[in-house]
Undergrad: 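Please read through the structure below; I'll follow up with questions.
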Amino acid sequence: MEEIAMSEPAIRKALTAEEIFLKQDKERYLYEMREKALLDHVSAIEGAKEEGVAEGIAKGIAEGKAQANHEIALKLLEMKLPLSDIVKATGLTEEEIRKLH
């Protein structure tokens, strides 16, 4: 297999260029630093995406809880429970509960 690869002029030329490149410390160092910078950039983007997803999930959960508390408060109001009991049961303020109906 290696003989076949070496018989192809383009592959032989690329391997020769690679050998020369790897022997040159400064060029190799600059290449590695560029590669590291690219990988760091990709990593930063992925981290930002994960953070955004986590924030979105947290916001969705909070909105869902608020909606549930509003629905519970409305049902308790329909049952004619005292406002103070509804505040205790839902965690909503009296003002928030008054705005519901």
Side-chain angles (χ1 to χ4, degrees):
M1 174 98 170
E2 199 170 311
E3 291 176 19
I4 295 171
M6 290 305 290
S7 67
E8 294 292 327
I11 294 173
R12 189 171 43 248
K13 184 177 178 181
L15 291 173
T16 302
E18 179 186 31
E19 287 174 16
I20 293 169
F21 174 75
L22 292 175
K23 290 179 183 174
Q24 298 174 355
D25 290 339
K26 183 178 179 183
E27 284 81 6
R28 184 174 58 247
Y29 174 77
L30 292 173
Y31 170 79
E32 290 171 354
M33 290 300 102
R34 281 192 299 271
E35 286 295 308
K36 182 183 180 314
L38 287 172
L39 291 173
D40 289 347
H41 180 71
V42 169
S43 179
I45 290 172
E46 288 302 315
K49 286 179 185 177
E50 290 174 10
E51 185 178 321
V53 168
E55 287 177 13
I57 289 171
K59 182 178 178 184
I61 289 171
E63 289 174 0
K65 286 181 180 180
Q67 181 64 34
N69 281 336
H70 290 158
E71 291 173 12
I72 292 168
L74 284 171
K75 288 180 182 178
L76 296 176
L77 283 169
E78 288 173 7
M79 296 170 59
K80 308 287 186 207
L81 266 84
L83 198 55
S84 61
D85 289 344
I86 299 173
V87 168
K88 289 177 191 174
T90 63
L92 299 174
T93 65
E94 288 185 14
E95 184 178 323
E96 290 172 315
I97 295 168
R98 285 189 184 103
K99 288 181 183 179
L100 293 176
H101 58 51

Undergrad: Are there more than 12 heavy atoms of other residues, nucleotides or ligands under 6.0 Å from atom CD of E35?
TA: yes
Undergrad: So which pairs with a foot in residues 67-86 pass salt bridge (Lys or Arg N to Asp or Glu O under 4.0 Å), sequence neighbours left out?
TA: none
Undergrad: Determine whether a donor-acceptor pair (N or O, by modelled atom type, separation under 3.5 Å) exists between the side chain of S43 and the backbone of L39.
TA: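 Not at all, since once roles are kept as given, no pair shorter than 3.5 Å links the two residues.
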Undergrad: Kindly give the cluster partners of L77, where membership spreads through any ILVMFWY side chain lying under 4.5 Å from a current member.
TA: I72, L74, L76, M79, L81, L83, I86, V87, L92, I97, L100
Undergrad: Looking at E96 and K99, does any basic side-chain N land under 4.0 Å from a carboxylate oxygen?
TA: no
Undergrad: How long is the straight-line distance from CD1 of I11 back to NZ of K13, given to the nearest 0.5 Å?
TA: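 It comes to 13.5 Å.
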Undergrad: List for me each residue that meets side-chain hydrogen bond (donor to acceptor under 3.5 Å, both in side chains) alongside K36, sequence neighbours excluded, and say none if there are none.
TA: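 Residues passing side-chain hydrogen bond (donor to acceptor under 3.5 Å, both in side chains) with K36: D40.
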Undergrad: Distance from R34 atom CZ to L38 atom CG, nearest 0.5 Å?
TA: 9.0 Å
